[in-house]
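Report on the following structure.
In this text, all values refer to a predicted model and were calculated from it rather than measured experimentally.
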Amino acid sequence: MNPDMPPMEGREPDEFSHREIETKILNIGSPDAFKARILAGGGELVRDRRLLNDTSHALPKDGNPENTIRLSTNGFGNVDELREILALLGVEIIEEQETGFVLHVPQGLPRRTVRIRDDGGHSVLTVKEKRNRKADIEDRVEIETAIPKIDKAVELLEKVGYQPQSIREKYRTTYRIGEVLVELNEGPAGAPWAEVEGPSMAAVEETVRALGYSAGDIANISDSEHYRNQGVPEEQIRHLTFGGGRERSA
């Protein structure tokens, strides 16, 4: 991780390394009431409310062709994290050169959840295994790396075969309760929600209960599904922003 970059999503370096163990709490009520609930439960503010801008990328429905590509590592903050990103994408490094890699992209890459995030002017590339929709609490491999130059992440994804799918913004406030992160999210449409992420399923479950919620209040769904369940039109979900990246007046 680039030492000049802030901890990703309020994490310390290497915290929850390579696993996303997380669930969403829905129907949390007003943001102010939820913040008060967190603080009453012993939570502490880690990062104050800020705007996140997420661009998601996906493989075409008919998959990707086989390809051999060259990728300069200039513009990537941590080359070791880049290697892990490539491995999770299913891309093989066939040659390491002084300034970059020669990569083999096999046909039919495994489908991953891929996102480029602007978090207050700092960019992060995240690659995750696909979501397990049968579980209430997600537990999947997740690798992310800070990228000083966002165009380098875009170049990598385009060369591999990923295409932009959606652009969405949300305001996020990050708290910590013990070892667990609790993050309040406020989008341009629909009701706010929270994400609870920790080092184990037991820690996540305990925090959900400590905040006064039960199994019926949580769901392992994507942001898209959360908006869809509230009746937000599909075309709006694909481009859901506050308008120029500025918060609307109250």
Looking at side-chain heavy atoms only, is the closest gap between [X] and [Y] below 4.5 Å?
{"X": "Glu129", "Y": "Glu20", "value": "no"}
{"X": "Leu39", "Y": "Tyr175", "value": "yes"}
{"X": "Lys152", "Y": "Ile147", "value": "no"}
{"X": "His226", "Y": "Val232", "value": "no"}
{"X": "Asp217", "Y": "Val208", "value": "no"}

Taking atom [atom1] of [X] and atom [atom2] of [Y], what is their separation to the nearest 0.5 Å?
{"X": "Leu89", "Y": "Leu103", "atom1": "CG", "atom2": "CG", "value": "10.0 Å"}
{"X": "Lys128", "Y": "Arg140", "atom1": "NZ", "atom2": "CZ", "value": "4.5 Å"}
{"X": "Lys170", "Y": "Thr241", "atom1": "NZ", "atom2": "OG1", "value": "14.5 Å"}
{"X": "Glu183", "Y": "Glu195", "atom1": "CD", "atom2": "CD", "value": "6.5 Å"}

Charged N to carboxylate O under 4.0 angstrom, [X] versus [Y]?
{"X": "Arg49", "Y": "Glu186", "value": "yes"}
{"X": "Glu96", "Y": "Arg83", "value": "yes"}
{"X": "Glu225", "Y": "Arg133", "value": "yes"}

Looking at every heavy atom in both [X] and [Y], which two are closest together, and how far apart are they?
{"X": "Leu59", "Y": "Leu109", "answer": "CD1-O, 3.7 Å"}
{"X": "Gln165", "Y": "His57", "answer": "CG-C, 4.1 Å"}
{"X": "Gly75", "Y": "Pro148", "answer": "O-CD, 3.5 Å"}
{"X": "Ile143", "Y": "Glu81", "answer": "CG2-O, 4.2 Å"}
{"X": "Ala189", "Y": "Leu240", "answer": "CB-CD1, 4.2 Å"}
{"X": "Ile116", "Y": "Ala153", "answer": "CD1-CB, 3.8 Å"}

Anything under 3.5 Å between a donor and an acceptor, one on a side chain of residues 24-31, the other on a protein residue two or more places apart or in another chain? List them.
unit_1	atom_1	unit_2	atom_2	d
Lys24	NZ	Ile221	O	2.8
Lys24	NZ	Asp223	OD1	3.3
Ser30	OG	Ala33	N	3.1

*asked:* For Arg19 and Val141: C-alpha separation, side-chain torsions, deciding distance, then whether side-chain contact (heavy atoms from CB on, under 4.5 Å) applies.
replied: CA-CA 5 Å; Arg19 305 250 20 129; Val141 174; 3.4 Å; yes
*Begin from the C-alpha positions of Glu179 and Ser200 and carry the test side-chain contact (heavy atoms from CB on, under 4.5 Å) through to its verdict.*
CA-CA 10 Å; Glu179 297 182 289; Ser200 67; over 6 Å; no
*So, for Trp193 and Tyr227, is the gap between ring centers shorter than 6.0 Å?*
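Between Trp193 and Tyr227, the centre distance is under 6.0 Å.
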_Using side-chain hydrogen bond (donor to acceptor under 3.5 Å, both in side chains), reason through Ser72 and Thr99 one step at a time and then give a plain yes or no._
CA-CA 6 Å; Ser72 169; Thr99 59; 5.4 Å; no
